[in-house]
Participant: 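The structure follows.
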Amino acid sequence: GIQVEQSPPDLILQEGANSTLRCNFSDSVNNLQWFHQNPWGQLINLFYIPSGTKQNGRLSATTVATERYSLLYISSSQTTDSGVYFCAVGLMRFGAGTRLTVKP
Amino acid sequence: DGGITQSPKYLFRKEGQNVTLSCEQNLNHDAMYWYRQDPGQGLRLIYYSQIVNDFQKGDIAEGYSVSREKKESFPLTVTSAQKNPTAFYLCASSIELRGELFFGEGSRLTVL
């Protein structure tokens, strides 16, 4: 089955810093989604982005399907951005996630 | 409000007992999914259903069973054959298979 790799596994930032999270996948897909899991376990939809670039406030995402990767950008990070970020592709196979900690 | 409702949120059971987790959606989605998440891990697909009266095994279906008798409902039974059932279970739906996923709030099962 399709393999999904996320990097880095852990990221610690000071409030206000910018960050880039990466998702690589092993096979061509026509769907890709980014999620944020909050400390209570709830999965929050960030982007459904099979290709191209989307922006929503301080967050943006770019998927280059031909090169099998997607990037999630977080600008001017806030403590509420802390949590685990997942990407999912294909029959919604998930990567292991990036755990982000934003310190005040 | 439209959404996905999972119940119960927390469940404790003794080893050897079957447990059924409920998942109901009022989004009029055709596809529904069950995932399992262990601490510090990603989500793994247990079962999915593309349409009513049809469902398929995911990556870790052993020890689980599902039914899809109604479009709105996709219950998951964790059977006594599941060797390590303690986990966080998440239900999701999408308009069509492989479409944008929407998740419920999850059910935490602890087997004592």
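Every chain is numbered from 1, with letters handed out A, B, ... down the list of sequences.
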Participant: Chain A: which of B:Gln41, B:Arg44, B:Gln37 shares the most heavy-atom pairs with it under 4.5 Å?
Facilitator: B:Gln37
Participant: For A:Gly1, is there any backbone N or O sitting under 3.5 Å from a side-chain donor or acceptor partner on A:Gln3?
Facilitator: yes
Participant: B:Val111 and B:Tyr89: same hydrophobic cluster, using ILVMFWY side-chain contacts below 4.5 Å?
Facilitator: yes
Participant: Does either side chain, that of B:Tyr33 or that of B:Ser94, offer a donor lying less than 3.5 Å from an acceptor on the other one?
Facilitator: yes
Participant: With a 4.5 angstrom heavy-atom cut-off, could you sort out which part of B:Leu101 is near chain A: side chain, backbone, both or neither?
Facilitator: both
Participant: Using 30° and 60° as the class boundaries, would you call the ring planes of B:His29 and B:Phe102 parallel, tilted or perpendicular?
Facilitator: tilted
Participant: B:Leu97 versus chain A, heavy atoms under 4.5 Å apart: side chain, backbone, both or neither?
Facilitator: side chain
Participant: Between A:Glu15 and A:Lys103, does at least one N-O distance fall below 4.0 Å, as a salt bridge requires?
Facilitator: no
Participant: Determine, stepwise, if the pair B:Lys71 / B:Asp30 fulfils salt bridge (Lys or Arg N to Asp or Glu O under 4.0 Å).
Facilitator: CA-CA 7 Å; B:Lys71 186 175 186 177; B:Asp30 280 323; 3.5 Å; yes
Participant: Tell me whether A:Tyr48 shares a hydrophobic cluster with A:Val89, the cluster being built from Ile, Leu, Val, Met, Phe, Trp, Tyr side chains joined at under 4.5 Å.
Facilitator: no
Participant: Taking heavy atoms only and a threshold strictly under 4.5 Å, list by residue number the residues of residues 63-86 of chain A that touch chain B; give 'none' if the list is empty.
Facilitator: A:Phe86
Participant: Do any of residues 29-47 of chain A come closer than 4.5 Å to chain B, heavy atom to heavy atom, and if so which ones, in number order?
Facilitator: A:Asn31, A:Gln33, A:Phe35, A:Gln37, A:Trp40, A:Gly41, A:Gln42, A:Leu43, A:Asn45
Participant: Looking at B:Gly99, B:Gly58, B:Ala92, B:Gly40, which one has more heavy-atom pairs under 4.5 Å with chain A than the rest?
Facilitator: B:Gly99
Participant: Any donor-acceptor pair under 3.5 Å linking the side chain of B:Lys9 with the backbone of B:Arg108?
Facilitator: no
Participant: So that I know where these two stand, are B:Tyr35 and B:Phe103 an aromatic pair - ring centroids less than 6.0 Å apart?
Facilitator: yes
Participant: Out of curiosity, B:Tyr10 OH to B:Thr110 OG1, how far, rounded to the nearest 0.5 Å?
Facilitator: 10.0 Å
Participant: For the residue pair B:Ser73 and B:Glu24, confirm or rule out a side-chain donor-acceptor distance under 3.5 Å.
Facilitator: yes
Participant: Report yes or no: do A:Leu59 and A:Leu13 belong to one cluster of Ile/Leu/Val/Met/Phe/Trp/Tyr joined by side chain heavy-atom distances under 4.5 Å?
Facilitator: yes
Participant: If you tally heavy-atom pairs under 4.5 Å against chain B, which of A:Arg99, A:Gln6, A:Met92 wins?
Facilitator: A:Met92
